[in-house]
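Working notes for the structure below.
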Amino acid sequence: MNANTVQIPKTLPIVPIRNKVLFPGTALPLQIGRKDTAQLMQRIYKSVDNKDSKFLVGCVPVKPPVSTTTNSEQTNNFSKKVTEETLNQSTPTSELHEYGCAARIIRLERPVGGKGGRFFAVVEGIARIHIDQYVSGGPYLEAEVTVYPESVMPNDDQELQDLAISLKSTGRELFIILQDLKLPVQMLTQLQRFIDGASAGSLADLLVSTVEPPYEEKLRILDAHDLKTRITNAIDIVTRQIHILKISQKIHSTVEGKLDKKHKEFYLRQQLNAIKEELGERDDSSTEGDDIADLTRRLQEAGLTPEADKAAQRELKRLKRMHPTQAEYQIVRTYLEWLSEIPWSKGTSDTMDIDNARSQLEEDHYGLETVKKRILEFLAVLKLKDDMKGPILCLLGPPGVGKTSLGKSIASALGRKFHRISLGGVRDEAEIRGHRRTYLGAMPGLIAQGLRRVGVNNPVFLLDEIDKVGHLSLHGDPSAALLEVLDPEQNNTFNDHYLNVPLDLSKVLFIATANQIDPISPPLLDRMELIRISGYTFEEKVHIAKRHLLPKQITYHGLKPGYVKISDEALLKIATGYTCEAGVRNFEREIAGVCRAKAVEYAYANDNGKKDTYRPEVTINDIMTILGVEKFCNDIAERTTDPGVVTGLAWTATGSGGILFIEATQMPGKGNLQLTGKLGEVIKESAQISISWVRAHSFQLGITTASTESTFFSQRDVHIHFPSGAVAKDGPSAGVALITALVSLFTHRCVPPTTAMTGEITLRGQVLPVGGIKEKIIAAHRAGIDKVILPSRNRKDVDGDVPVNVKEKIKIVYVDNVYDVLQEAFDGEKIWVEPSSIVGVESRL
């Protein structure tokens, strides 16, 4: 109880006390015998009999005598239980201290057979008070007071924070000394909890009242309503008392062996009782039994499986035979608490309304039709078959496309609880399976902890960044530990090493997210149903911004709907000129920048009374003014018609597509091939394959004649360059563009600049399929390409992924071999000669 919860009146009855000081948060017994104070107690006693409200009084200590004689009672107050007042004379107000403590009477008794108006009271301190002036004329002493409630420690006062830390450290040192006195465990536990959990001001009062310093020093602490002064004085007092106790311990250790066990226990118990009386606490011997009874009840209500119930009963019997001071007591108790808090049979009811689920998914996310279709399929089957096992889905896509938020939407659509488990950086197998209880500080794994946190056995678990989980190391293989978790045929008996009983995970809907597929081990990948989420097109980003990002940022920046209106053209400008990503994270940051600028404009107009001049519309010119110069320039197909220049299509690491230019030139030399443009090994090998194929078919392509065939390539050096040399490039998809560039160079024919191509080649001239088709075609459309050459086996990717509006504006041609590529690249011209049926080799060499 404190001043913040109790209304303390400005005028309080005053109870003088001698040789003791009452602090806020502590309790103090008093024996009342003075006439005027007894009248106050008589009134309160009668009111209590009539069930009146609680009473507040002001406990004011009497000033210490001027003489320096030592009061023997004052030095032994640690074990004294009752503070007596002077019975035959009243205390003048001049002898009362100017500070006191507002207190609540928590116990009031009249001893049977007591003399006159004696009363026994126990008061509990609430807050410091200052005596402004005494009020005369009443039957008992009253005074007008000023209340000093407990100060809240400011977070920005570093000195005060350091003093609080030092006070707690001093309290822990005192706690260690009391431990050496072999005080009971419960008493020490209560004191330790108070040291760890109490505020700095309350802790200072408690420690000073516990060590019982001289009377004058206690008055100095009572006067210190300033938190910094009180803590500083308390640290000095407690530190000095600690030194005294250490010296006392050293002296007593020499004669400790002479004390028998009973004398020692009696001495310690007397100290324990005195401390508890000072703290106003009572010894509850039934606490241990109540805890075990409560734990038994919780285990019965948990709905344990037979295996778990058997383990719980076995450990519960062990716990009842143990003493609380045993080291293993807390280990067993913690284990039983975990068993009682795991949701063995508690679950939530799934939302079986498919239309509502579809609406929820459509409202939260734009596009992503594959994922939405799969969730609705799961819900439909679950509606027909109640015991269906949850699927294991893996959402694979670049950062920022909404994989994590999609997991939350799925949980909301199903009416289930959601929990995210971040696997990035997990290196220890025990973080998945849990630690064995033989280890110090053992805990269950992340899966069991998640079930305990959500409180149901059928949540949606999002295993975030599963591609970044650690692999085989000194601490085991976490990815291998996930095999049992993500296997629908095994996870109904998942074994957590800490719980050591089967845990049913079959009702959990696991959704994993990953950016790359290569780091995931093949066995783990085999257990998951892979759903690829490609990057958004610019049109999709504009829709997402209008439906989600812009309203969110308007609200976040304290504006109202309608205060910021960004046109579709301006949003498209932000997406194309200021971001280069597959997702929408940076897109949202740029929109936030626009909202901040409009917030400044609105605040300025509002402060100057010019709200009518505020313009909420944001145009393309405004975007340039607010966000500055464009950060990214769109790839525009070169409009040159030089031989040896070909436009390719690339897929970037961010998950978006782009234009890739390839330039080839020749010069006199010795037949060397030079490659530049920060190329990887795979693309270099594609260039070697391309030059080899062109040399092998040079006569057929009309590059060489019978007389020049043996010397044509040995007398020329070829240089192939990929512009944007600071950007790393790799992959096999530039093969067809490389061959076309070399044929164009040697035959002096030009490839139209509005024709782009992608595909992998072989030495036999076959064109193999490649990935990222959707992103590449969208990039071609953005760059003004009107014809794209693709491998035939990528036709399914175009039909399934590429938006219809893009396919309508671009001519897509499918090829099977290099000859088809060359014919389409040179506008249908057949530049090669069919080989004679007599010749049995691929060249005339």
Side-chain angles (χ1 to χ4, degrees), residues 1-4 6-30 32 34 36-37 40 55-66 71 74 77 83 85-86 90-105 121 123-136 140-152 163 167 199-238 278 280:
M1 180 174 293
N2 53 51
N4 297 327
V6 177
Q7 186 66 32
I8 301 176
K10 294 183 178 180
T11 302
L12 285 177
I14 301 302
V15 177
I17 55 177
R18 294 181 183 274
N19 300 328
K20 282 287 186 179
V21 177
L22 177 65
F23 293 101
T26 63
L28 186 67
L30 296 175
I32 308 298
R34 229 183 66 182
D36 53 351
T37 311
L40 171 64
F55 285 90
L56 300 179
V57 296
C59 294
V60 180
V62 178
K63 293 180 181 179
V66 179
N71 189 346
Q74 187 171 337
N77 278 339
T83 300
E85 293 185 339
T86 305
S90 60
T91 304
T93 57
S94 60
E95 295 183 10
L96 295 179
H97 197 62
E98 61 179 329
Y99 284 88
C101 182
R104 179 175 66 95
I105 299 177
V123 293
E124 179 186 15
I126 299 176
R128 283 174 169 79
I129 58 174
H130 177 267
I131 306 300
D132 296 333
Q133 64 178 1
Y134 288 96
V135 180
S136 60
Y140 46 83
L141 187 61
E142 291 183 304
E144 294 181 1
V145 299
T146 299
V147 182
Y148 293 98
E150 184 62 37
S151 302
V152 179
L163 285 173
L167 179 64
S199 63
S202 301
L203 181 59
D205 293 337
L206 174 69
L207 293 179
V208 171
S209 65
T210 301
V211 299
E212 284 293 332
Y215 188 66
E216 292 80 0
E217 292 184 352
K218 288 196 289 185
L219 291 178
R220 185 154 51 94
I221 293 295
L222 181 65
D223 297 348
H225 56 82
D226 176 68
L227 190 58
K228 188 177 298 184
T229 304
R230 191 193 320 164
I231 295 177
T232 303
N233 294 338
I235 292 174
D236 295 339
I237 293 172
V238 177
E278 291 294 330

Closest non-hydrogen atoms of Ala200 and Leu167, given as atom of the first, atom of the second and distance, are O-CD2, 3.3 Å

Spacing of CG belonging to Leu203 relative to CZ belonging to Arg230, to within rounding of 0.5 Å: 11.0 Å

Going by the side-chain contact (heavy atoms from CB on, under 4.5 Å) test, name the single residue among Thr232, Asn233, Ile231 that passes it with Thr229. Asn233

Find out whether Pro61 and Tyr215 are in side-chain contact, i.e. whether some heavy atom of one side chain is under 4.5 Å from a heavy atom of the other. yes

Just wondering, do Phe23 and Leu222 contact through their side chains at under 4.5 Å, heavy atoms? yes

Is there a side-chain contact between Cys59 and Leu28 (heavy atoms, below 4.5 Å)? no

Distance, nearest 0.5 Å, that separates CZ of Arg18 from CD of Glu95: 6.5 Å

When you compare the side chain of Ile129 with that of Leu12, does any pair of heavy atoms fall below 4.5 Å? yes

For a quick test of reading the model, state the closest non-hydrogen atom pair linking Pro9 to Val145 and the distance between them. O-CG2, 4.0 Å

Correct closest heavy-atom pair for Ile221 and Ala234 would be CD1-N, 3.7 Å

Any donor and acceptor pair, going by atom type alone, linking the side chain of Arg104 with main-chain N or O of Glu124 inside 3.5 Å? no

Are side-chain heavy atoms of Ile14 and Ile131 found at a separation under 4.5 Å? yes

Do Ile32 and Leu40 pass the side chain to side chain contact (heavy atoms under 4.5 Å, CB included) test, and can you show the C-alpha distance, the side-chain angles, and the key distance before you say yes or no? CA-CA 10 Å; Ile32 308 298; Leu40 171 64; over 6 Å; no

What I want to find out is whether Arg128 reaches Asp205 closely enough, with some N-O distance under 4.0 Å, to be called a salt bridge. yes

Just how far is it from atom NE2 of His130 to atom NE2 of His97, taken to the nearest 0.5 Å? 8.5 Å

For a side chain to side chain contact (heavy atoms under 4.5 Å, CB included) check, start with the C-alpha distance between Glu217 and Val208, then their side-chain angles and the critical distance, and finish with the verdict. CA-CA 9 Å; Glu217 292 184 352; Val208 171; over 6 Å; no

Report yes if the side chains of Ile17 and Val62 come closer than 4.5 Å at any heavy-atom pair, otherwise no. no

Side chains of Pro24 and Ser202: does their closest heavy-atom pair fall under 4.5 Å? no

If the plane angle is over 60° it's perpendicular, under 30° parallel, otherwise tilted; pick one for Tyr148 and Tyr99. tilted

List the steps, then state whether salt bridge (charged side-chain N to carboxylate O under 4.0 Å, His left out) holds for Lys20 with Glu212. CA-CA 9 Å; Lys20 282 287 186 179; Glu212 284 293 332; 3.2 Å; yes

Give, for atom OG1 of Thr11 and atom CD of Glu144, the distance between the pair rounded to the nearest 0.5 Å. 5.0 Å

Quick check: closest heavy atoms across Glu142 and Pro13, and the distance to 0.1 Å? CG-CA, 4.1 Å

Is there side-chain contact between Glu98 and Val60, with at least one heavy-atom pair below 4.5 Å? no

With respect to Val15, which candidate in Val57, Leu22, Leu141 satisfies the side-chain contact (heavy atoms from CB on, under 4.5 Å) definition? Val57

With side chain to side chain contact (heavy atoms under 4.5 Å, CB included) as the criterion, how do Lys10 and Val147 come out once you've worked through the C-alpha distance, each side chain's angles and the decisive distance to 0.1 Å? CA-CA 8 Å; Lys10 294 183 178 180; Val147 182; over 6 Å; no

Enter the distance from Lys218:NZ to Asn19:CG here, rounded to the nearest 0.5 Å. 8.5 Å

